[in-house]
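Here is the structure we will look at.
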2 protein chains.
Amino acid sequence: MSYKDRKVINIGMVSELTGLSVRQIRYYEERKLIFPNRTEGGTRKYSFSDVEKLIDIANQIEDGMQSSEIKKMQKRKSDRKVRDEMIRGQLNAVFGIRK
Amino acid sequence: MSYKDRKVINIGMVSELTGLSVRQIRYYEERKLIFPNRTEGGTRKYSFSDVEKLIDIANQIEDGMQSSEIKKMQKRKSDRKVRDEMIRGQLNAVFGIRK
DNA sequence: CGTGTAAGGAATTCTGACACG
DNA sequence: CGTGTAAGGAATTCTGACACG
């Protein structure tokens, strides 16, 4: 929706923005930690959110965490978000609490 | 500073985002209406601000305005901004009006 | 496991020019 | 003036593999 989430950046620029090698960036995708879009021609396209996520991933790897662990943590975080949003939705439906 | 102003988008994606041809986008640059960055290799890089500006330019062209006229209007707009900021600065220096 | 690299090919972009109008 | 197009070349990216550890 916002600029931050538009997938418009090529891998070369992502490499420059993050300081990571293109090899690393592709590898984190292979491990299902990041999900760029693709052009018709097959070129990867990333968002600024992806750039930030990649920096986090690189830091976790640097701290000795394995990609499989990082993936699990991503899932936990995602699950928490879904749960919180459901609770919010229910509260809103029942009590009409706004925002 | 913000995501909106980071020059990270290739001309192909700009073409897709704006609906303009790459020929048009390059031409508006030739007429000094837009100023992308360049990679070492010479590839153009645009920001989301540039994308919006390009849409405005295309609309003005479509309305029959010439590129030289558009450039003049851009300058006027820029001059107004500089003037307003100077006034603000002076007021702030003399009266300490905040923000 | 995470990352570098050389290999060959494909997609993307660049410039300068000719065309039309 | 604004834009399309074919031309030739250069920069960018892609995949699959081998290497090291």
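If you're wondering where the values come from, they're calculated on a predicted model, not measured in any experiment. Here is how names work: the chains are called A, B, and so on, in the same order as the sequence lines, proteins then strands, and each is numbered from 1.
Listed candidates were D:dG2, D:dC14, C:dG2. Nearest to the side chain of B:S67 is D:dG2. Comparing atom distances between the A:R26 side chain and each of C:dC14, D:dT3, D:dC14 picks out D:dC14 as nearest. You'll find that the side chain of A:R38 is closest to D:dC14, out of C:dT15, D:dC14, D:dT12. The listed nucleotides are D:dT15, D:dT12, D:dT13; the one nearest the side chain of B:T43 is D:dT12.
Going from atom CE of B:M13 over to atom CZ of A:R6 covers 9.0 Å, rounded to the nearest 0.5 Å. Within the model, atoms CD1 of A:I9 and OG of A:S15 stand 12.5 Å from one another, a figure rounded to the nearest 0.5 Å.
The CD-C1' distance, from B:E30 to D:dG4, rounds to 14 Å in whole Å. Atom CD1 in A:I11 sits roughly 9 Å away from atom C1' in D:dC14 (whole-Å rounding). Following rounding to the nearest Å, A:K45 (NZ) and D:dT12 (C1') show an atom-to-atom distance of 10 Å. The nearest whole Å value for the distance from the NZ atom in A:K71 to the C1' atom in C:dG2 is 18 Å. The nearest whole Å value for the distance from the CD atom in B:Q66 to the C1' atom in D:dT3 is 15 Å. One atom, CD1 of A:I9, and another, P of D:dT13, lie 12 Å apart when rounded to the nearest Å. Computed from coordinates, the A:M13 CE to D:dT12 P distance equals 10 Å when rounded to whole Å. In this structure, the CD1 atom of B:I25 is 13 Å from the P atom of C:dT15, given to the nearest Å.
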Between B:L20 and B:L54, does the side chain to side chain contact (heavy atoms under 4.5 Å, CB included) criterion hold? Intermediate values first, please. CA-CA 9 Å; B:L20 301 175; B:L54 279 166; 4.1 Å; yes
Does the pair A:V8 and A:S47 meet the rule for a side chain to side chain contact (heavy atoms under 4.5 Å, CB included), with working shown? CA-CA 6 Å; A:V8 298; A:S47 66; over 6 Å; no
I'd like to know whether A:M73 forms a side chain to side chain contact (heavy atoms under 4.5 Å, CB included) with A:Q60, so could you lay out the CA-CA distance, the side-chain angles of the two residues, the decisive distance to 0.1 Å, and finally the verdict. CA-CA 11 Å; A:M73 293 193 65; A:Q60 291 176 294; 4.0 Å; yes
Stepwise side chain to side chain contact (heavy atoms under 4.5 Å, CB included) check, B:K71 with B:K75: CA-CA 6 Å; B:K71 187 152 166 42; B:K75 184 171 176 0; 6.0 Å; no
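For C:dG2, the OP1/OP2 oxygens have no side-chain nitrogen or oxygen of A:Y28 closer than 4.0 Å. Remark: B:Y27 is in phosphate contact with D:dG2, judged by side-chain N or O atoms under 4.0 Å from OP1 or OP2. Side-chain nitrogen and oxygen atoms of A:N10 include at least one within less than 4.0 Å of the OP1 or OP2 phosphate oxygen of D:dT13. Between B:R44 and C:dT13, a side-chain N or O to OP1/OP2 separation shorter than 4.0 Å is absent.
Between the side chains of B:Y27 and B:R31, at least one donor N or O lies within less than 3.5 Å of an accepting N or O. Residues A:D5 and A:S49 bring a donor and an acceptor atom of their side chains to less than 3.5 Å of each other.
With a 4.5 Å cut-off on side-chain heavy atoms, A:K4 and A:F48 count as touching.
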Go ahead and write out DNA chain C as dot-bracket, 5' to 3': ( ) for pairs within the strand, [ ] for ones crossing earlier pairs, | when the partner sits on another strand, dots for unpaired; Watson-Crick or G-U wobble, both distances under 3.5 Å. .||||.||.|.|.||.||||.
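Put simply, the side chain of B:T18 gets close to the backbone of B:V14: a donor and an acceptor are under 3.5 Å apart.
Within residues 15-22 of chain B, the residues that place at least one heavy atom under 4.0 Å from DNA chain D are, in residue-number order, B:S21.
Residue order along DNA chain D, read from the 5' end via each residue's closest nucleotide, puts B:S68 first among B:E40 and B:S68. Positionally, the nearest nucleotide of DNA chain C for B:G41 lies more toward the 5' end than for the other of B:G41 and B:R23.
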